[in-house]
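Just so it is clear, the model here is predicted, and its values are computed rather than measured. The figures that follow rest on heavy atoms only: side chains count, while hydrogens, waters and symmetry mates do not.
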Amino acid sequence: MDTDPGKIGAQHLPLRDQVLDALRKGIISGDYPPGERLTEDRLAEDFGVSRNPVREALRVAEAEGFVVILPRRGAVVASPSSATIDDIFAVRERLEPLAARLAAERAAPGDVTTLRALVERARLATEQQDLRRVAELNSALHLQILEISGNPWLASIAKALYLHVQWVFRMTAKERAPHSADEHVKLVDAIEAGDGDLAEMVALSHLGAASVAAHENTESRLP
């Protein structure tokens, strides 16, 4: 029987890393929602692999905070707690205003064009209610600003963080996306104007609104 080329096992790549990447994407996108049980057999079937790489990937996903291993229940998709959200935004509130300021000082016209394109794609995805795509583009915009800042340490530090940023945003995207889009336009306007003070202020305001939305979503999921 031919192997399904869509299955991970057919790709001849390191299986644990491939399973981990697919598992992260499934959790971040909502295919595996918070609280859902993840058995090794089910994931092995979903990804077309044996149980061993699934077991290894689950251990890493637990260490990253995407999965919790419960006694007698096994692996369950985590649900971001209020403390987790506080931790995420504590880092974002230091990183993003600095990145916005540096981007305003250093952005070339082509950089601004790239940011405008991301904002427009996010607007279209919002209109189409493609919330998964909106969440991806939200992270892409912020990561692009980090790149434009010209500080390689900012971009390097942020890569793991923005998997969690995308995950949290995806949970709030239905209500949050239109407001976030307006805030992103203001942020890009400030960067294009070369106004570091304004870019920093807009970034902080944007993060404040995003934090409130994330906490409200967490509270609404409490029993």
Side-chain angles (χ1 to χ4, degrees), residues 13-14 17-18 20-29 57 60-61 63-66 80 84-123 125 132-173 176-177 180-181 183-211 213-214:
L13 295 170
D17 292 344
Q18 290 296 307
L20 179 60
D21 183 57
L23 179 59
R24 283 194 198 110
K25 287 178 179 175
I27 292 171
I28 290 168
S29 68
V60 179
E64 292 178 341
F66 289 110
T84 297
I85 290 168
D86 282 341
D87 288 343
I88 289 171
F89 278 94
V91 177
R92 292 187 70 187
E93 285 165 5
R94 300 300 183 276
L95 250 62
E96 291 185 24
L98 173 58
R101 172 180 286 279
L102 292 173
E105 295 170 355
R106 300 173 178 176
D111 294 324
V112 174
T113 299
T114 298
L115 294 177
R116 295 280 185 208
L118 287 168
V119 169
E120 177 61 15
R121 287 158 64 191
R123 184 187 67 77
R132 180 181 309 194
R133 186 65 179 143
V134 174
E136 291 173 354
L137 290 165
N138 176 71
S139 285
L141 178 75
H142 288 293
L143 286 168
Q144 188 64 37
I145 291 171
L146 286 160
E147 289 288 344
I148 293 169
S149 77
N151 187 321
W153 293 107
L154 286 177
S156 176
I157 289 168
K159 284 180 181 176
L161 172 68
Y162 274 85
L163 292 173
H164 289 268
V165 170
Q166 186 175 330
W167 185 29
V168 171
F169 184 87
R170 170 65 183 82
M171 297 177 192
T172 67
R176 176 80 186 122
S180 182
E183 292 158 18
H184 285 163
V185 169
K186 292 176 183 176
L187 181 56
V188 176
D189 285 347
I191 291 171
E192 183 175 28
D195 190 331
D197 288 340
L198 179 60
E200 186 172 351
M201 183 181 71
V202 172
L204 276 170
S205 176
H206 172 57
L207 288 167
S211 177

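- Shortest non-hydrogen contact noted between Ile148 and Ala103 is CG2-CB, 3.8 Å.
- Salt bridge annotation for Glu183-Arg176: present, with a cationic side-chain nitrogen under 4.0 angstrom from a carboxylate oxygen.
- Shortest non-hydrogen contact noted between Leu118 and Gln144 is CD1-CB, 4.0 Å.
- You'll find the side chain of Ile191 reaches within 4.5 Å of the side chain of Leu187, heavy atoms only.
- Looking only at distances, a side-chain donor or acceptor of Ser149 sits under 3.5 Å from a matching main-chain atom of Leu146.
- Residues Leu23 and Ile27 meet the side-chain proximity criterion, which asks for heavy atoms closer than 4.5 Å.
- In this structure, His184 and Arg123 have side chains that are not in contact, with every pair of non-hydrogen atoms separated by 4.5 Å or more.
- Looking at heavy atoms from C-beta onward, Arg106 lies out of side-chain contact with Asp111 at the 4.5 angstrom threshold.
- In this structure the side chain of Glu192 never reaches within 4.5 angstrom of the side chain of Pro109, judged on heavy atoms.
- Once rounded to the nearest 0.5 Å, the distance linking CZ of Arg92 with CD1 of Ile85 reads 11.5 Å.
- At least one side-chain heavy atom of Arg101 sits under 4.5 Å from a side-chain heavy atom of Asp197.
- Residues Asp189 and Arg116 form a side-chain contact, since some pair of their non-hydrogen atoms from C-beta on lies under 4.5 Å apart.
- Between Ile28 and Phe66 the shortest side-chain heavy-atom distance falls below 4.5 Å.
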Compile the donor-acceptor pairs under 3.5 Å between side chains in residues 155-171 and protein atoms, sequence neighbours left out, one pair per line.
from, atom 1, to, atom 2, distance (Å)
Tyr162, OH, Glu96, OE2, 2.1
His164, NE2, Glu64, O, 2.9
Arg170, NE, Ser29, O, 3.2

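- Of all heavy-atom pairs between Leu207 and Pro97, the closest is CD1-CD, 4.0 Å.
- In plain terms, the two heavy atoms of Ala104 and Ala199 that are nearest each other are CB-CB, 4.0 Å.
- When every heavy atom of Thr172 is checked against every heavy atom of Ala213, the shortest pair comes out as CG2-O, 3.7 Å.
- Rounding to the nearest 0.5 Å places CE of Met201 at 9.5 Å from CG of Leu204.
- The CG atom of Asp195 sits 10.0 Å away from atom CD of Glu105, with the distance rounded to the nearest 0.5 Å.
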